[in-house]
Amino acid sequence: METLSIRSVRKTFPTPTGPLTVLDDVNLTIAPGELFFLLGPSGCGKTTLLRCLAGLDFPTAGAIFFGDRDVTDLAPHFRETAMVFQSYALWPHLSVSENIAFGLVERKVPSEERDRRVLEALASVRLDGLGDRSIDQLSGGQQQRVALARALVVRPRCLLLDEPLSNLDAQLRVEMRQEIRRIVKENGLTAVYVTHDQEEALAMADRMAILSRGRIAQVGTPEEVYRRPVTSEVARFIGETNLLAAEMSGQDAATISVHTAAGVFTGILGDPSHQTVAGQFTELSVRPEAWRPAAVGEPNTLTGIVVEKVYLGQRAQLTLRTELGLLRIVIINPPGDLTTGHELTVSVATSDVVVLPRK
Amino acid sequence: MDRRTAWILCAAVGLLLAVGFLYPAFCVLREAFIDPRDGGFTFGYVLAVLRDPLYRDGLINALLLGLASTLVAALLALPLALVNHRYSFPGRGFLALALLVPMILPPFVGAIGIKCILGTEGSFNAVLAGLGWMDPLHPRDWMAENRLLGIVVMNALHLYPILYLNLAAALAQMDPAMEQAAANLGCSPWRRLTRVTLPIITPGLFAGGALVFIWAFTELGVPLVFDFPRVAPVQILDGIKNLDRNPLPYALTTIVLVVAGGVFLASKLLFGSGRHGAAPRPSLRSAPQPLNGWLGWACSGLFAGVTALACLPHLGVILMSVSGHWHNSVLPAELTLAHWQEALGSALVVPSIQNSLSYAGLATAVALVMGIAAAWVIARSDLRIRHLLDTLTMLPLAVPGLVLAFGYLSLSQEGKPFAILVGAGGSPLLLLGLAYAVRRLPYVTRAAVAGLQQCDPVLEQAARSMGASAWSTLRRISLPLLAAHLAAGGVLAFAFSMLEVSDSLILAQRAEHFPITKATFALMSALGDGPQLAAALGVWSMAFLSVALIGASLLNGKRGGLSGE
């Protein structure tokens with residue numbers, strides 16, 4: 001196995017109104033054995049990037065390396081990648097087993113070994129005994145597993161998954177997440193997984209890249225990206241957040257202080273390389289669940305009136321009207337007397353206040 | 001598909017079209033613009049044609065025939081297609097197939113039949129005389145009295161299946177959810193038709209309409225049979241028959257070509273790109289609504305009536321082939337099967353069937369290979385030139401067969417480039433194979449493009465991603481998925497090659513090389529029981545082609561259609 005690197009990749013498509021840039025200066029390095037996610041809203045270029053890895057699209061500029069080998073212009077069938085398509089792309093004229101055996105036939109695997117590996121692949125996706133079925137006799141979840149088995153059975157250099165779970169119902173989707181992760185890890189595969197479902201990415205990824213309008217906004221582990229977004233866009237895309245207007249005031253080694261309409265807050269920089277200047281306008285990102293009820297006068301506090309309460313059993317979602325605008329917070333095990341109209345003071349830890357450059 | 005392969009395929013198809021189509025057409029057109037005295041370029045002949053009242057009449061008549069035939073064919077085909085799409089009624093499957101029967105007979109053979117029925121001594125007059133509504137001593141000549149109307153009706157009855165198939169294909173491709181959504185929003189069935197269904201199938205209507213118009217506009221056989229010389233295609237034939245190198249027929253050909261090509265391109269440009277409301281993988285199957293009682297039988301009656309009307313010429317041919325003596329009676333006075341046997345024993349007939357099989361077989365093989373290559377470039381590559389290729393492969397539909405046949409004839413003379421295609425003993429196998437293949441290429445290409453468009457490219461990409469080369473993907477994934485479409489396109493190409501008239505009449509010179517159509521033509525003008533033998537041969541070929549067309553239709557399921565878009 002080898003490192004997969006994407007170097008300064010750019011992709012434009014010709015349109016009647018001039019070229020449309022779908023990927024712009026994308027750089028990524030994906031380590032061997034990593035389950036790497038490409039995450040972003042529709043149209044951000046994530047699927048195009050995946051197709052460039054598969055050789056189904058070719059970059060307009062830049063290069064793609066598998067280890068030391070430049071595969072930028074290599075035809076798809078020489079790449080030894082295997083892709084799981086969003087629509088599964090199972091061939092209707094072939095049976096389940098024939099679909100799975102397809103890549104092995106192309107690789108001229110002897111028929112005995114082929115049969116054995118097909119049976120193993122069927123077992124690994126828990127479809128034992130269904131090899132002779134035709135594709136339209138399978139449910140959506142079963143078809144998804146066949147698509148996965150078809151890709152796994154060739155032992156690809158890199159497994160590519162394009163929103164493989166988006167056509168499944170919610171419960172099956174959650175089950176298949178852990179299933180796919182198990183299979184990828186058991187087989188020691190390098191996998192690149194495209195999705196727009198942030199929960200899927202948070203739950204499954206070793207690392208992820210957030211794409212926005214053809215560029216990489218941030219790369220990191222799920223926790224890094226969630227706890228320390230580098231832009232307000234990333235903060236908003238991953239999970240829910242409160243974005244509060246502020247003005248830079250001072251900085252020491254670990255923390256940074258800002259002025260707001262509700263007083264001074266201390267926080268951390270989302271992007272540590274970010275240069276700060278006193279007086280500069282910034283934005284604070286604070287997750288709803290980071291706030292907890294506090295006494296007036298503690299640091300990093302905010303006081304407001306509860307204007308909306310959604311009770312969800314173990315927690316309650318509250319909306320407060322504060323001097324910084326509406327604030328969404330989540331309170332675990334909410335007290336019964338916390339109702340609309342109440343005044344509430346909440347505070348937040350320094351490490352949960354992420355200072356972001358203001359757009 | 002990688003671009004190099006796409007370019008190679010594109011070049012191969014381009015070469016076939018250049019040699020087999022553009023060059024001969026160009027050679028004919030050149031005559032229209034070159035002044036033989038000084039070899040210079042001139043518009044004079046084209047202008048002279050437009051000024052000549054005879055030729056102008058011919059053009060106007062051809063246009064009128066084209067427009068009226070298309071309109072009547074559309075009035076027949078549209079209700080039939082809509083009824084068949086929406087309702088089920090007694091005998092629906094069989095009746096829908098029977099609608100295609102008129103296509104199995106070249107119109108000039110049907111003409112023998114229609115003469116038996118509408119001629120002065122035909123069945124229709126015999127019926128009228130029998131009822132006492134007409135004096136048998138002064139019979140009316142129905143064909144001579146309403147020639148234009150007669151030609152329009154004959155054309156429409158022969159050509160409506162093309163439109164019907166296009167409309168059926170457009171309706172089948174429409175996502176049933178389109179109509180259901182309209183119904184859900186409170187739209188009545190009639191308004192659903194005018195506001196949703198018709199706009200969505202308009203491209204199909206125009207694509208089929210353009211084909212029907214071009215066919216009727218350039219139709220030669222029917223006006224000849226109705227003895228109506230003042231129409232452009234007949235004038236071209238008459239002009240070309242004179243060997244005095246009069247450039248005016250060539251100039252007339254040019255104008256016909258420009259009109260036909262213009263209509264074709266216009267239908268493509270206006271309606272070619274938008275495939276409105278098509279569902280590549282319809283989530284819902286539309287189940288036709290059962291019609292019970294008299295309404296259902298009325299629909300069956302509509303289908304059966306149109307088919308019966310369109311089959312009158314065929315009926316005439318069949319009766320002719322079994323008649324010993326047939327004058328002034330509703331049905332032949334004596335019936336005999338002798339002509340069928342005689343036909344099979346005739347020196348002309350059996351070899352002509354063998355010849356037709358080999359010409360049409362070669363042409364179908366060429367058209368299939370080239371059609372798949374062209375469709376692949378059109379539907380799967382990103383070459384800009386694919387749009388040009390798409391238009392070019394369809395263009396043979398816009399060119400009258402007569403023009404091309406004459407081009408081939410002049411190019412295959414001693415010392416000309418096509419002379420090498422003439423085989424030992426003057427065998428026209430290669431010449432006719434090429435001519436048939438080029439003119440049937442549109443059917444195969446359309447079928448293959450439709451198949452590729454309905455087959456999600458992701459299925460091929462998945463194969464590539466599993467390590468299959470482009471060739472292996474074609475062999476293991478695309479061809480099996482396309483099989484039904486290709487078989488249907490291939491059968492159509494084969495059937496229409498067997499029926500081909502102009503190339504066959506002009507290019508097969510010796511009796512031992514005659515294909516079926518020319519043998520029929522030769523028998524028609526033979527003395528004695530020639531016409532009956534011709535009719536018997538016509539019956540044999542009708543039987544053969546019915547089987548072929550029904551097979552194609554079954555293979556294609558509901559998705560069939562000579563879709564010209």
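Order of the sequence lines sets the chain letters (A, B, ...), proteins ahead of strands, with each chain counted from 1. These values consider heavy atoms only, across backbone and side chains, with no hydrogens, waters or symmetry-generated copies.
Atom CD of A:Glu112 has 12 or fewer heavy atoms from other residues, nucleotides or ligands within 6.0 Å. By the neighbour-count criterion of 12 heavy atoms within 6.0 Å, atom CG of A:Asp68 is sparsely surrounded, having that number or fewer from other residues, nucleotides or ligands. A:Gln171 CD: 12 or fewer foreign heavy atoms inside a 6.0 Å radius.
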Quick one: do B:Met466 and A:Leu104 satisfy side-chain contact (heavy atoms from CB on, under 4.5 Å)? Show the steps, please.
CA-CA 8 Å; B:Met466 296 300 138; A:Leu104 298 175; over 6 Å; no
Give the intermediate values and the outcome of side-chain contact (heavy atoms from CB on, under 4.5 Å) for residues B:Asp456 and A:Ser87.
CA-CA 10 Å; B:Asp456 195 333; A:Ser87 62; 4.3 Å; yes
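In this structure, the side chains of B:Leu459 and A:Pro92 come closer than 4.5 Å at one or more pairs of heavy atoms. Looking at B:Arg476 and A:Leu94, their side chains never come closer than 4.5 Å, going by heavy atoms from C-beta outward. When side chains are defined from C-beta on, B:Ser472 counts as touching A:Glu106, because their heavy atoms get closer than 4.5 Å.
Looking at A:Val105, both its backbone and its side chain come within 4.5 Å of chain B, counting heavy atoms on both sides. For A:Arg150, the parts lying under 4.5 angstrom from a heavy atom of chain B are both the backbone and the side chain. Contact of A:Ala151 with chain B is made through backbone and side chain together, with heavy-atom distances under 4.5 Å. Of the two parts of A:Arg107, only the side chain, counted from C-beta on, holds a non-hydrogen atom closer than 4.5 Å to a non-hydrogen atom of chain B.
Partners of A:Ala101 under the side chain to side chain contact (heavy atoms under 4.5 Å, CB included) rule, at least two apart in sequence or in another chain, are A:Arg114, A:Val118.
Put simply, of B:Pro457, B:Ala463, B:Ala468, the one with the most heavy-atom pairs under 4.5 Å next to chain A is B:Ala468. If you tally non-hydrogen atom pairs under 4.5 Å between each of A:Ala147, A:Ala89, A:Gly103, A:Pro156 and chain B, the highest count goes to A:Ala89. Highest contact tally toward chain B, considering only A:Ala54, A:Pro14, A:Pro76, A:Gly55, is held by A:Pro76 [criterion: heavy-atom pairs under 4.5 Å].
Interface residues of residues 130-137 of chain A toward chain B, defined by a heavy-atom distance below 4.5 Å: none.
Rounded to the nearest 0.5 Å, atoms CE (A:Met83) and CD (B:Gln461) are 7.0 Å apart.
Listed by first and then second residue, the side chain to side chain donor-acceptor pair (under 3.5 Å) pairs that reach into residues 35-47 of chain A are A:Thr47-A:Asp162, sequence neighbours excluded. Listed by first then second residue, pairs satisfying ring pair (Phe, Tyr, Trp, His ring centres under 6.0 Å) with a partner in residues 75-100 of chain A read A:Trp91-A:Phe102, not counting sequence neighbours.
Counting only distance, with no hydrogens or angles, the side chain of B:Ser465 and the backbone of A:Ala82 share no donor-acceptor pair below 3.5 Å.
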